[in-house]
Amino acid sequence: MPPTAAPAPVAAVLPFRVAVPVAAVDDLKERLARARWPDEAPGAGWSRGVPSDYLKELAEYWRTQYDWPGQEAMLNQHPQFTTTIQGQTVHFLHVRSPEPDATPLMLIHGWPGSFVEFLDVIGPLSNPSAHGGDPADAFHLVIPSIPGHGFSRPLTDSTWTHRHIAGAFTELMTRLGYERYGVQGGDAGAFIAPDMGRVDPTHVIGVHVNSLVQIPSLPQILAGLVVFSKAERQRLARFKHFRDEMMGYLHVQSTRPKTLAYGLNDSPIGQLAWIVEKFKEWTDPAAARPDDAIDRDRMLTNVSLYWFTGTAGSSANLYYETLHDPTTKKRKSRNTVPTGVAVSSTQDVTIRRWAERENNIVHWTELEHGGHFAALEVPKLLVDDIRLFFRGIPRAAG
């Protein structure tokens with residue numbers, strides 16, 4: 001009888017702490033102090049990009065008042081780990097709930113976000129009884145950094161598409177011992193989370209997304225134009241504005257991420273402007289400035305993470321892979337896992353009837369406040385909707 005092959009070893013899960021060298025913090029401040037500012041372009045406001053008066057004020061705050069060591073200590077209050085999946089280092093937070101029967105839940109960020117997006121929802125989701133909630137709504141949380149983002153670096157190869165990441169994240173949940181679990185994501189996470197349902201519907205019990213992008217094709221628009229509701233017409237107009245006025249970043253990141261990286265990796269002012277512009281454009285329009293919608297220190301912690309890890313180029317790489325992945329041009333197989341969608345009434349473009357073509361949507365919420373970054377802008381509304389959705393899904397303890 002031939003010998004049985006030994007099972008492949010499982011990569012270790014190693015404790016991790018954020019530890020940015022003091023020299024790197026000093027270097028950031030020196031670069032900010034030596035910034036070479038361009039002449040102000042004609043035209044007022046944000047129509048041509050980030051206004052110099054706002055960016056100068058924010059950069060000076062970053063240099064002189066923002067407390068990275070304090071933020072680093074705050075990040076390290078949450079248990080963090082790294083592991084290797086398919087040759088790629090994957091960083092993640094793993095916050096176990098004090099409730100033994102809590103449901104495992106993965107939270108997936110997007111760009112220009114990071115695991116920092118979820119800091120304000122960790123407590124309410126993992127320990128609801130300590131935040132005025134029902135302990136039956138508790139979750140064990142796994143919050144990974146997408147490969148190429150934050151501490152999931154460096155990228156090992158050029159195959160990290162949404163679908164590939166989805167497969168790696170299902171492997172991560174299995175490695176952590178979770179047989180049945182939910183997934184939540186926004187932005188890129190709203191692509192990866194449904195793909196996890198497609199990759200592993202046996203183990204994913206429910207998918208909840210915000211900032212879902214599901215746009216009909218031009219023939220579908222022309223065929224259905226006369227029956228669109230007022231809200232649907234508004235979303236189509238919003239998408240047209242996004243397509244015509246706001247997609248410069250997407251074209252650059254999806255075609256020349258390496259060239260872009262040289263500037264952003266060398267200039268903290270460039271990195272700051274590149275990210276802050278998106279926080280302005282995609283947050284609730286009622287906010288005059290990005291930090292009217294998102295806490296200023298939280299926003300700068302997110303930017304600092306990109307700067308200190310040098311991941312401007314590798315995070316943009318996901319856009320390149322998406323554009324050049326031939327499967328993205330094909331209609332996706334349907335995600336049959338029960339899916340909940342939280343839609344920003346002020347920023348999102350998704351129309352339910354087309355979203356349902358590719359997803360088994362059983363829950364749909366229109367959020368009156370907040371924009372693209374729900375976990376940062378309206379964490380309580382997002383927490384409430386996640387809880388409501390998963391109450392309707394048969395729960396599985398971790």
Side-chain angles (χ1 to χ4, degrees), residues 45-49 110-113 162 185-195 207-255 277-287 290 293 318-319 322-323 325 327-335 339-375 377-378 381-382 385 389:
W46 290 77
S47 61
R48 302 182 186 222
W111 184 90
H162 292 134
D187 190 82
F191 290 94
I192 297 167
D195 272 349
V207 171
H208 183 280
V209 296
N210 64 286
S211 303
L212 176 68
V213 178
Q214 190 79 51
I215 300 300
S217 66
L218 180 60
Q220 291 171 331
I221 292 175
L222 295 176
L225 191 60
V226 294
V227 296
F228 277 1
S229 69
K230 180 180 178 181
E232 289 173 335
R233 289 175 184 271
Q234 289 175 337
R235 291 205 168 124
L236 285 173
R238 195 178 295 144
F239 173 71
K240 184 176 183 299
H241 172 72
F242 174 80
R243 181 193 64 194
D244 296 344
E245 300 289 339
M246 298 166 59
M247 290 186 71
Y249 83 96
L250 188 150
H251 290 305
V252 173
Q253 296 199 153
S254 60
T255 59
E277 181 188 65
K278 298 307 147 201
F279 281 135
K280 172 62 175 73
E281 290 184 337
W282 297 346
T283 50
D284 193 311
L318 182 55
Y319 286 79
T322 300
L323 179 67
D325 179 4
T327 65
T328 61
K329 298 176 175 61
K330 301 177 182 178
R331 182 171 174 179
K332 293 182 178 180
S333 60
R334 195 161 188 264
N335 163 33
T339 299
V341 183
V343 180
S344 164
S345 298
T346 67
Q347 283 287 15
D348 282 344
V349 299
T350 296
I351 293 174
R352 180 168 183 168
R353 69 179 84 179
W354 278 281
E356 287 179 332
R357 288 164 61 88
E358 294 184 357
N359 298 280
N360 176 24
I361 296 176
V362 299
H363 172 94
W364 183 275
T365 301
E366 302 273 345
L367 299 178
E368 294 185 6
H369 303 289
H372 186 80
F373 304 97
E377 296 179 70
V378 286
L381 294 182
L382 181 63
D385 202 64
F389 168 67

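One is the number of the first residue; the rest follow in order along the sequence.
From Leu323, atom CG reaches atom CD of Gln253 across 12.0 Å, with rounding to the nearest 0.5 Å. The CZ atom of Arg353 sits 7.0 Å away from the OG atom of Ser229 when rounded to the nearest 0.5 Å. To the nearest 0.5 Å, atom CH2 of residue Trp46 and atom CD of residue Glu281 are 8.5 Å apart. The distance from atom OG1 of Thr255 to atom CG of Leu250, rounded to the nearest 0.5 Å, is 9.0 Å. A distance of 4.0 Å separates CG in Leu212 from OG1 in Thr350, rounded to the nearest 0.5 Å. Note that the CD atom of Glu277 and the OH atom of Tyr249 stand 10.0 Å from one another [nearest 0.5 Å].
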- Task: Begin from the C-alpha positions of Trp282 and Asp187 and carry the test side chain to side chain contact (heavy atoms under 4.5 Å, CB included) through to its verdict.
- Result: CA-CA 11 Å; Trp282 297 346; Asp187 190 82; 4.3 Å; yes
Would you sort out whether Arg352 and Val341 count as a side chain to side chain contact (heavy atoms under 4.5 Å, CB included), showing the intermediate values? CA-CA 9 Å; Arg352 180 168 183 168; Val341 183; over 6 Å; no
### side-chain hydrogen bond (donor to acceptor under 3.5 Å, both in side chains) assessment of Thr327 paired with Asp325
CA-CA 5 Å; Thr327 65; Asp325 179 4; 2.8 Å; yes
*In sequence, state the C-alpha distance, the side-chain angles, and the governing distance for Thr339 and Asn359, and then conclude on side-chain hydrogen bond (donor to acceptor under 3.5 Å, both in side chains).*
CA-CA 7 Å; Thr339 299; Asn359 298 280; 4.6 Å; no
Practice item. Would you sort out whether Arg238 and Thr346 count as a side chain to side chain contact (heavy atoms under 4.5 Å, CB included), showing the intermediate values? Key: CA-CA 9 Å; Arg238 195 178 295 144; Thr346 67; 5.6 Å; no
Checklist line | Verdict with reasoning, Val362 to Phe389, per side chain to side chain contact (heavy atoms under 4.5 Å, CB included) | finding: CA-CA 9 Å; Val362 299; Phe389 168 67; 3.8 Å; yes
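Looking at every heavy atom in both residues, Thr322 comes nearest to Leu318 through OG1-O, 2.8 Å. Between Pro290 and Lys280, the shortest heavy-atom distance links the atoms CG-CB, 3.7 Å. The two residues Gly189 and Pro194 come nearest to each other via the heavy atoms O-CD, 4.1 Å.
Of the possible donor and acceptor atoms, one in the side chain of Gln347 sits under 3.5 Å from a partner among the backbone N and O of Thr283. Between the side chain of Arg357 and the main chain of Arg334, no donor-acceptor pair closer than 3.5 Å is present. No donor-acceptor pair closer than 3.5 Å links the side chain of Asn210 to the backbone N or O of Ala342. Using a distance-only test at 3.5 Å, with no hydrogens or angles considered, a donor-acceptor pair links the side chain of Ser344 to the main chain of Gly370. Judged by distance alone, the side chain of Ser211 and the main-chain N or O of His372 form a donor-acceptor pair under 3.5 Å.
Using a 4.5 Å cut-off on side-chain heavy atoms (C-beta onward), Val213 and Phe239 make no contact. Val378 places none of its side-chain heavy atoms less than 4.5 Å from the side chain of Glu368. Between Asp385 and His363, the closest side-chain pair of non-hydrogen atoms falls below 4.5 Å.
A salt bridge is defined here as a Lys NZ or Arg NE, NH1 or NH2 lying under 4.0 Å from an Asp or Glu carboxylate O, and Glu232 with Arg235 fails to meet this definition.
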